[in-house]
Trainee: 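Dumping the structure here so I can ask a few things about it.
By convention in this document, chain letters (A, B, ...) are assigned in the order of the sequence lines, proteins followed by strands, and residues within each chain are numbered from 1.
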Amino acid sequence: MSAYDVEAIRKDFPVLARSLAGDRPLVYLDSANTSQKPRQVVEAIERHYLEHNANVARAMHQLGAEATEAFESGRDKVARFIGAPSRDEVIFTKNASEALNLVARVLGDGGIVGEGDEIVISEMEHHSNIVPWQLLAERTGATLRWFGVTDEGRLDLDDLESLVTERTKIVSLTWVSNMLGTINPLDTVIARAHQVGALVAVDASQAVPQIPVDVASLGADFVAFTGHKMVGPTGIGVLWGRYDLLASLPPFLGGGEMIETVSMERSTFAAPPHRFEAGTPPIAQSAGLGAAIDYLSAIGMENIAAHEQAITAYALGRLQEIDGLTVVGPSEAVDRGGAVSFTLDGVHPHDIAQLLDSRGVAVRAGHHCAKPAHRRFGVQSTTRASFYLYTTEAEIDALAEAIRYTQQYFKVG
Amino acid sequence: MSAYDVEAIRKDFPVLARSLAGDRPLVYLDSANTSQKPRQVVEAIERHYLEHNANVARAMHQLGAEATEAFESGRDKVARFIGAPSRDEVIFTKNASEALNLVARVLGDGGIVGEGDEIVISEMEHHSNIVPWQLLAERTGATLRWFGVTDEGRLDLDDLESLVTERTKIVSLTWVSNMLGTINPLDTVIARAHQVGALVAVDASQAVPQIPVDVASLGADFVAFTGHKMVGPTGIGVLWGRYDLLASLPPFLGGGEMIETVSMERSTFAAPPHRFEAGTPPIAQSAGLGAAIDYLSAIGMENIAAHEQAITAYALGRLQEIDGLTVVGPSEAVDRGGAVSFTLDGVHPHDIAQLLDSRGVAVRAGHHCAKPAHRRFGVQSTTRASFYLYTTEAEIDALAEAIRYTQQYFKVG
Amino acid sequence: MDVDALYQEIILDHYKNPHGAGLRVPYEAEVHHVNPTCGDEITLRVHLDGDRVSDISYDAEGCSISQASASVLYDLLPGKTVEEAMRVLDSFAEVMHGRGQVTPDEDVLEDGIAFAGVAQFPARVKCALLGWMAWKDATSQALAASDQTLSDERGK
Amino acid sequence: MDVDALYQEIILDHYKNPHGAGLRVPYEAEVHHVNPTCGDEITLRVHLDGDRVSDISYDAEGCSISQASASVLYDLLPGKTVEEAMRVLDSFAEVMHGRGQVTPDEDVLEDGIAFAGVAQFPARVKCALLGWMAWKDATSQALAASDQTLSDERGK
Ligand SMILES: Cc1ncc(COP(=O)(O)O)c(C=O)c1O
Ligand SMILES: Cc1ncc(COP(=O)(O)O)c(C=O)c1O
């Protein structure tokens with residue numbers, strides 16, 4: 001990986017140079033939760049607010065034109081980044097959760113999912129790809145069904161034919177699991193779903209940040225992801241959808257910008273994407289997300305994916321050397337993203353995270369918004385270390401060292 | 001207004017010192033659309049991203065604690081700023097439109113508004129307080145009714161008793177009209193609504209930025225507003241609601257952070273406000289909104305309201321000197337916010353806005369997301385100048401001068 | 001940005017005296033288009049005579065640009081075949097979306113070349129195109145309807 | 001922030017050997033509380049004897065802090081009147097929310113003073129309070145139920 005200069009990349013992320021309590025350098029291994037932001041992104045936001053701030057579309061003055069340009073060019077960049085056939089297929093939401101809820105709401109409101117229909121998800125989903133479907137099922141009388149997970153942490157496709165049937169109206173699956181790290185074989189599921197006439201939504205929250213994504217070749221109907229996990233700002237998410245499908249769906253939220261015309265008696269609605277963007281959109285956040293995409297693209301998603309793969313392989317090796325440590329999820333870096341969840345005999349995940357934090361190592365402990373996946377593996381919670389373009393082997397070493405220190409502290413292992 | 005130092009305030013807003021095409025200084029009179037941002041707010045956001053960025057609540061490490069502190073202290077500041085009895089009554093949304101849609105969705109989902117029930121709004125509402133209710137009526141079979149507007153641009157309360165009846169389940173009204181500028185007598189309406197057992201939602205998008213607000217003494221059940229109009233960032237809005245009411249309502253969107261426990265079969269939900277905040281919230285935006293509130297509070301909302309009142313009176317005077325100019329809305333600065341919409345004989349609002357822009361004067365032209373209010377006055381669109389804490393009399397003079405120039409250009413007036 | 005580039009004398013003339021305004025019969029299709037950003041509206045009818053544009057009549061409410069543009073549309077298209085008219089539209093749209101980089105062809109666009117300046121004002125491009133898009137929509141509706149009639153007749 | 005202030009020897013001892021763990025009968029109310037942030041859970045039962053706390057039994061899954069805190073709760077409250085026990089809870093909660101500024105009263109909190117360090121770790125305060133909040137909830141349910149029984153009896 002001679003071309004990949006992780007030290008140069010780290011210089012763009014000022015927080016990585018921070019020291020924490022006890023003068024310990026920060027070892028940030030919680031990027032699956034949220035990524036850090038490079039100076040370039042923060043500066044784009046700052047410049048926008050201080051020089052070009054105005055409302056968009058509705059404002060006809062020069063500042064308004066500049067703000068509209070900043071906002072809409074964020075949309076152009078997202079479209080290019082994910083290979084969307086049209087920029088009008090890119091809808092801005094507040095986060096990935098809203099994007100998934102949007103799909104669930106409009107499929108219900110539009111009568112595509114109704115009583116007796118079936119919705120299929122999986123046991124490894126993030127709560128944001130479970131609860132919206134439970135609520136939809138409750139509102140409509142549809143039935144929620146799900147794929148299981150194998151002992152290795154892979155999607156169990158044995159039931160594919162009996163699970164995804166003519167009754168299925170929508171299959172919603174994660175691309176990369178935020179807990180297990182698994183990368184799912186979406187092609188197989190999409191092919192089956194389309195064969196039976198079901199739509200497919202993909203939760204790409206952990207995929208878009210770390211692997212090259214091309215929605216056109218993926219072939220799903222909806223793809224959701226979130227800005228803050230891809231070196232972008234909080235407060236912005238994306239729903240990509242096929243244009244003809246979007247154009248056939250009713251609105252999600254009502255308000256400014258999403259209308260064609262309004263009278264007290266009735267309203268008609270704008271074409272996608274605006275139909276699904278009620279109110280003042282995340283303007284500065286789109287400028288920031290655009291800068292994030294420029295940043296990732298300059299490094300190259302292929303290179304980022306390769307780095308992620310290498311660092312994950314290294315981490316799996318170092319962690320599995322530790323006695324009493326069990327990785328929950330695929331134990332090898334094959335079809336696997338950069339999140340490694342584990343348990344440690346005799347120490348609760350919170351206590352591990354606390355001890356690690358006292359050594360400057362930031363990881364996440366808990367259910368990672370994936371309670372059913374934890375239940376599947378018979379654990380209430382795990383500790384998760386997750387990596388990104390700026391993660392170094394030295395940081396993995398620091399993690400391993402801190403875990404051993406934790407074992408000594410709690411007199412286990 | 002000796003204590004109010006508008007020149008000192010302007011120094012905090014770098015964009016106000018910008019020059020536009022033709023080296024013309026910016027005269028920003030579009031604050032009802034979105035306000036400009038002081039350096040202090042932008043710096044708070046920048047500092048957050050570069051030094052304290054992490055996900056909230058779920059992250060147990062030091063950075064996570066700092067980010068949670070930044071995010072939740074934004075909530076504390078909002079609660080204090082609007083006199084909320086409890087911080088748990090403050091829900092963060094992406095904008096005011098989402099806040100109003102949230103109310104409409106959960107009242108429907110919770111069965112509070114159903115078939116045969118009535119929803120009451122007014123003819124002067126922003127589309128964001130019309131369309132959500134139209135969609136709710138359509139989903140549930142409820143009936144939408146509305147207050148008219150008098151020729152002076154005031155809420156027509158003559159029908160109060162026949163409009164708000166035992167059949168009414170919710171009354172949703174704007175506090176300050178974004179088009180007419182009218183400040184509505186909410187007390188009367190709230191008293192009547194509560195008398196018949198209806199809930200009251202207030203669209204305070206134009207109120208919170210410019211007048212001191214105390215939700216406890218207001219007595220409404222829900223109050224919605226938006227960060228970007230009160231010198232805060234885009235991507236954040238607020239819904240305040242009475243705690244016991246919120247606690248009785250079902251969730252709006254499902255996902256991370258809003259749950260108590262999740263299994264594949266069913267989920268239970270967290271208490272307010274988290275129940276209504278699915279997914280990663282607007283973390284940096286809360287830090288920014290907190291800084292905005294600190295900024296406004298340091299100047300004092302009473303002082304800002306007095307300035308707004310004075311500058312509006314001045315503007316109404318200067319504008320109404322112009323032959324052929326007609327103010328749509330109250331012509332005097334009594335119970336009136338700082339937005340003045342007008343028509344000019346012989347020149348279309350777009351053309352006015354364009355000519356004004358060529359002189360550096362930024363105003364809005366169109367229907368201002370209030371088509372029904374325009375129809376009420378028999379106009380398709382108007383030109384609107386709107387003022388805020390940084391607006392000067394010299395800027396109003398520039399506006400008046402540019403309008404006269406427009407008349408000459410189009411050979412009218 | 002120079003407003004004089006936008007408000008050419010020709011545009012203001014068309015605005016003050018729009019050609020062909022008013023709704024007329026006969027027509028094969030009528031559409032109502034709005035610019036959701038600003039509320040400009042146009043109701044537009046097309047009357048075809050075989051594959052030829054026979055009349056375009058309209059009732060428009062909006063700014064000088066959208067009004068003048070409908071007036072120029074009326075001057076340019078009637079008399080042409082639908083195919084020729086579509087080429088004029090393409091040429092007009094190309095100039096509008098050209099951000100000031102596309103030189104208009106006077107032989108094709110006649111008075112329409114006055115709109116070249118609009119291309120430098122992105123917010124006004126939609127105003128200039130409102131009538132044209134309405135015409136395109138109405139024409140394709142009219143053609144679809146007559147295809148339908150033809151195939152109905154053939155089916156008999 | 002010094003983890004040793006958090007992981008006092010007393011806490012680790014209670015964690016390894018929790019007092020009073022397991023669910024027992026009789027009881028008047030059972031509650032299940034979770035910390036939604038991290039998933040720590042406790043099922044807790046209260047047995048009252050008139051206005052006196054007779055037994056507290058529980059099944060908890062969670063970190064050392066939440067487990068040890070339930071164990072200390074068991075040591076402190078049974079034997080006290082509900083009113084006295086609520087005062088102990090208030091005192092414990094005050095220390096927890098005190099951000100390290102409130103000095104715990106050893107006479108009231110006994111081993112509970114070891115939790116003073118938790119107050120410096122805001123993310124862990126919820127862990128320490130989980131069992132206590134469950135107890136408060138269960139106790140008020142038990143009291144409400146007995147009030148109901150009393151008034152039912154009076155009503156007869
Ligand atoms: C009165 C009123 N209500 C609601 C809104 C909607 O606010 P937002 O666009 O932030 O959702 C606005 C502003 O556009 C407004 O002026
Ligand atoms: C797989 C997955 N889906 C959805 C989400 C939700 O993203 P957000 O919190 O930005 O809505 C996350 C992140 O938390 C995730 O990891």
Side-chain angles (χ1 to χ4, degrees), chain A residues 14-15 20-21 30 33-34 36-37 42 46 49-51 53-55 58-63 94-98 101 123 126-128 130-132 134-135 146 228 233-236 253-256 259 261-264 267 278-280 282-285 353 357 362 364-366 369 371-372, chain B residues 14-15 20-21 30 33-34 36-37 42 46 49-51 53-55 58-63 94-98 101 123 126-128 130-132 134-135 146 228 233-236 253-256 259 261-264 267 278-280 282-285 353 357 362 364-366 369 371-372:
Chain A
V15 75
L20 300 174
D30 196 19
N33 201 352
T34 198
Q36 293 302 338
K37 321 300 171 204
V42 180
E46 184 188 357
Y49 278 131
L50 295 182
E51 294 169 28
N53 175 68
N55 214 322
R58 17 169 139 165
M60 254 167 281
H61 41 70
Q62 293 171 59
L63 270 192
K94 66 178 175 180
N95 53 28
S97 302
E98 189 193 8
N101 278 276
E123 217 177 350
H126 186 280
H127 294 163
S128 293
I130 299 176
V131 183
Q134 291 180 333
L135 295 173
W146 52 87
H228 68 92
T234 57
I236 189 164
L253 306 178
I259 58 105
T261 186
V262 173
S263 70
M264 294 309 285
S267 302
T280 299
I283 305 171
Q285 291 74 22
D357 184 50
R364 185 169 172 193
C369 299
K371 278 199 129 180
Chain B
V15 77
L20 301 173
D30 197 18
N33 202 351
T34 199
Q36 293 302 339
K37 321 301 171 203
V42 181
E46 184 188 358
Y49 279 132
L50 295 182
E51 295 169 27
N53 174 69
N55 215 321
R58 16 168 140 166
M60 254 167 281
H61 41 69
Q62 293 170 60
L63 271 193
K94 66 179 175 180
N95 54 27
S97 302
E98 189 194 8
N101 279 275
E123 217 177 351
H126 187 279
H127 294 164
S128 293
I130 299 176
V131 184
Q134 291 179 332
L135 294 172
W146 53 86
H228 67 92
T234 57
I236 190 164
L253 306 178
I259 57 105
T261 185
V262 173
S263 70
M264 294 309 286
S267 302
T280 300
I283 305 172
Q285 290 76 22
D357 184 52
R364 185 169 172 193
C369 299
K371 278 198 129 178

Trainee: Would you say the side-chain atoms of A/N95 pair up with the backbone N or O of B/A278, donor to acceptor, closer than 3.5 Å?
Mentor: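 Yes.
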Trainee: I'd like to know if the side chain of B/N101 and the backbone of A/G254 have a donor-acceptor N/O pair within less than 3.5 Å.
Mentor: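 The answer is yes, because a donor-acceptor pair under 3.5 Å joins these two groups.
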Trainee: Out of curiosity, A/L20 CG to B/H61 NE2, how far, rounded to the nearest 0.5 Å?
Mentor: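 Here the rounded value is 10.0 Å.
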Trainee: For B/I259, which atoms come within 4.5 Å of any heavy atom of chain A: side chain, backbone, both, or neither?
Mentor: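 Contact with chain A involves the side chain of B/I259 alone.
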Trainee: If we count only N and O atoms by modelled type, under 3.5 Å, do the side chains of A/K371 and B/S263 hold a donor and an acceptor together?
Mentor: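 Not at all, the side chains of A/K371 and B/S263 share no donor-acceptor pair under 3.5 Å.
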Trainee: Measure from the side-chain N and O atoms of B/Q36 to the backbone N and O of A/N53, and report whether any donor-acceptor pair falls under 3.5 Å.
Mentor: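 Flag set: sc B/Q36 to bb A/N53 pair under 3.5 Å.
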Trainee: Tell me, please, which residues at least two apart from B/S267 pass side-chain contact (heavy atoms from CB on, under 4.5 Å).
Mentor: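 Residues passing side-chain contact (heavy atoms from CB on, under 4.5 Å) with B/S267: A/V131, A/Q134, B/V262, B/F269.
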Trainee: Any donor and acceptor pair, going by atom type alone, linking the side chain of B/Q62 with main-chain N or O of A/D357 inside 3.5 Å?
Mentor: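 Yes, because the side chain of B/Q62 sits within donor-acceptor range (under 3.5 Å) of the backbone of A/D357.
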Trainee: Working to the nearest 0.5 angstrom, can you tell me the gap between B/T280 OG1 and A/K94 NZ?
Mentor: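 Here the rounded value is 10.5 Å.
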Trainee: Report yes if some heavy atom in the side chain of B/V15 is under 4.5 Å from a heavy atom in the side chain of A/L63; otherwise report no.
Mentor: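 Counting from C-beta outward, B/V15 and A/L63 do come under 4.5 Å.
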Trainee: Report the distance from atom OH of A/Y49 to atom CD of B/E46, rounding to the nearest 0.5 Å.
Mentor: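 Rounded to the nearest 0.5 Å, the OH-CD separation comes to 12.5 Å.
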Trainee: Measure from the side-chain N and O atoms of A/S97 to the backbone N and O of B/G255, and report whether any donor-acceptor pair falls under 3.5 Å.
Mentor: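 Between the backbone of B/G255 and the side chain of A/S97 there is no qualifying donor-acceptor contact (under 3.5 Å).
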Trainee: Supply the atom-to-atom distance B/D30 CG to A/M60 CE, rounded to the nearest 0.5 angstrom.
Mentor: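 Nearest 0.5 Å value for the CG-CE distance: 9.5 Å.
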Trainee: Is it the backbone or the side chain of A/L50 that comes under 4.5 Å from a heavy atom of chain B, or both, or neither?
Mentor: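 Its backbone and side chain both get close to chain B.
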Trainee: Report the option among B/M264, B/E51, B/K37, B/H127 that has the most heavy-atom pairs separated by less than 4.5 Å from atoms of chain A.
Mentor: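 When all of B/M264, B/E51, B/K37, B/H127 are compared, B/M264 has the most.
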Trainee: Can you tell me how far CG of A/N55 sits from CZ of B/R364, rounded to the nearest 0.5 angstrom?
Mentor: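 Between B/R364 CZ and A/N55 CG, I get 7.0 Å after rounding to 0.5 Å.
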Trainee: Is there a donor-acceptor pair under 3.5 Å between the side chain of B/Q285 and the backbone N or O of A/T234?
Mentor: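 Confirmed, B/Q285 side chain pairs with A/T234 backbone.
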Trainee: Could you tell me which portion of A/I130 (side chain, backbone, both or neither) has an atom closer than 4.5 angstrom to a non-hydrogen atom of chain B?
Mentor: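 For A/I130, side-chain heavy atoms alone lie under 4.5 Å from chain B.
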Trainee: Looking only at heavy atoms, what is the nearest atom pair of B/G256 and A/C369, with distance?
Mentor: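 Looks like CA-SG, 3.9 Å.
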Trainee: With only heavy atoms counted, which part of B/L135 is less than 4.5 Å from chain A, the side chain, the backbone, both or neither?
Mentor: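 The answer is the side chain of B/L135.
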